[in-house]
2 protein chains.
Amino acid sequence: MTKQPIKTEQTIQVFKALADPVRLEILQYLNGLDHEVACGEVGAAIGISKTSGTYHFKILQAAGLITARKEAREKYVAIDRGTFDTVVGHFWDQL
Amino acid sequence: MTKQPIKTEQTIQVFKALADPVRLEILQYLNGLDHEVACGEVGAAIGISKTSGTYHFKILQAAGLITARKEAREKYVAIDRGTFDTVVGHFWDQL
DNA sequence: AAAATAGTTCAAAATATTTTGAACTATTTT
DNA sequence: AAAATAGTTCAAAATATTTTGAACTATTTT
């Protein structure tokens, strides 16, 4: 059971996802909660349009920084700190 | 003597600097060394043009990820792990 | 059944980043 | 003094990211 190396592509995807003020606001909002919330709640809280929300949540999810679960009409999102900790925590080692 | 909060702008600048394959290669090269080297050596090692080097080294330096010192004709660069550790290490705290 | 709600898709426009080459400055070598 | 070397500057072109609005799907409320 040896540790999996992290691919450069994943590292870049995560850093790109983190390198945007809107997405940092989303993460900040989610980080203050200990439960999932609907995308609409986040969007309303930080003042972005639905369309913009769809775009940014997709990037965060693809990077593994949030989890997303669609239930009927709504999509529930929550922060996923594991990806950050893994990718960023091992940055120097496997750079 | 309380810790300084890190501004969102700096966090974004650092993540943006890290979110590029050329710059990751530069950091990887520098990370394997324990001394400064001329920009030209790095550029030759990873196969980029002088112009491209100038562009990327400037971004890395502005983000605080490398130190740069001009001596006569050459510019010597070295990795600066402190910025990464500070900005990224405190990410969740002060998000 | 109609209206409202939550979110998505698509394409166009706006904006930001990266690459490229030519001309340049300053320094070192011949 | 001329040539070579290390890096910079500038502007244009190429590419990537972000924003916007209209039309849409699926679900829930009235």
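The figures that follow rest on heavy atoms only: side chains count, while hydrogens, waters and symmetry mates do not.
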Quiz item: How do B/Glu41 and A/His56 order along DNA chain D: which one's closest nucleotide is nearer the 5' end?
Solution: B/Glu41
Practice problem: Could you check how far CD of B/Gln13 sits from C1' of C/dA16, rounded to whole Å? | Solution: 15 Å
Practice problem: Calculate the interatomic distance between B/Ile66 atom CD1 and D/dG7 atom C1'; express it in whole Å. | Solution: 13 Å
Quiz item: Once you round it to whole Å, what is the distance between C1' of C/dT27 and NZ of B/Lys50?
Solution: 13 Å
Quiz item: Backbone N or O of A/Leu95 within a donor-acceptor pair of the B/Gln28 side chain at under 3.5 Å?
Solution: yes
Quiz item: Counting side-chain heavy atoms from C-beta on, which of C/dT18, D/dT19, C/dT8 comes nearest to B/Asp20?
Solution: C/dT18
Quiz item: Quick one: on DNA chain C, does B/Thr51 or B/Ile59 contact a more 5' nucleotide (nearest heavy atom)?
Solution: B/Ile59
Quiz item: Paired with D/dA13 by Watson-Crick or G-U wobble geometry, both distances under 3.5 Å: which nucleotide is it?
Solution: C/dT18
Practice problem: Rounded off to whole Å, could you give me the CG-to-C1' distance for the B/Leu24 and C/dT18 pair? | Solution: 16 Å
Self-check item: Derivation and outcome, side chain to side chain contact (heavy atoms under 4.5 Å, CB included), residues A/Ile66 and A/Leu27
Solution: CA-CA 8 Å; A/Ile66 61 171; A/Leu27 291 177; 3.9 Å; yes
Quiz prompt | Identified pairing partner of C/dA23, criterion: Watson-Crick or G-U wobble below 3.5 Å | solution = D/dT8
Exercise. Rounded off to whole Å, could you give me the NZ-to-P distance for the B/Lys70 and C/dT25 pair?
Key: 14 Å
Quiz item: What nucleic acid atoms does B/Ile48 come within less than 4.0 Å of, heavy atoms only: base, sugar-phosphate, or nothing?
Solution: nothing
Quiz item: B/Gln10 versus B/Thr83: any side-chain heavy-atom pair under 4.5 Å?
Solution: yes
Quiz item: Taking the six-membered ring for Trp, are B/Phe15 and B/Phe91 parallel (under 30°), tilted (30 to 60°) or perpendicular (over 60°)?
Solution: perpendicular
Quiz item: Taking atom P of C/dG7 as reference, at what distance in whole Å does atom CG of A/Leu60 sit?
Solution: 15 Å
Practice problem: Take A/Arg73 and A/Ala19, find for each the nucleotide of DNA chain D with the closest heavy atom, and name the residue whose nucleotide sits nearer the 5' end. | Solution: A/Ala19
Quiz item: Could one point to a donor on the side chain of B/Lys75 or the base of D/dG7 with an acceptor on the other under 3.5 Å away?
Solution: no
Quiz item: Which of these, A/Leu33, A/Asp34, A/Leu30, sits in a side-chain contact (heavy atoms from CB on, under 4.5 Å) with A/Ile79?
Solution: A/Leu30
Quiz item: Of the nucleotides D/dG7, C/dA6, D/dT27, which one has an atom closest to the side chain of B/Glu74?
Solution: D/dG7
Practice problem: Can you figure out which of C/dT18, C/dA16, C/dA6 approaches the side chain of B/Lys16 most closely? | Solution: C/dA16
Quiz item: How many Å lie between OH on B/Tyr76 and P on D/dT8, as a whole number?
Solution: 13 Å
Quiz prompt | Nucleotide D/dT8, atom P - distance to NZ of B/Lys58 in whole Å | solution = 8 Å
Exercise. Go ahead and name the base partner of C/dT30; Watson-Crick or wobble counts if both distances stay under 3.5 Å, otherwise write none.
Key: D/dA1
Exercise. Would you mind telling me which of D/dT17, D/dA6, C/dT18 lies closest to the side-chain atoms of B/Tyr55?
Key: C/dT18
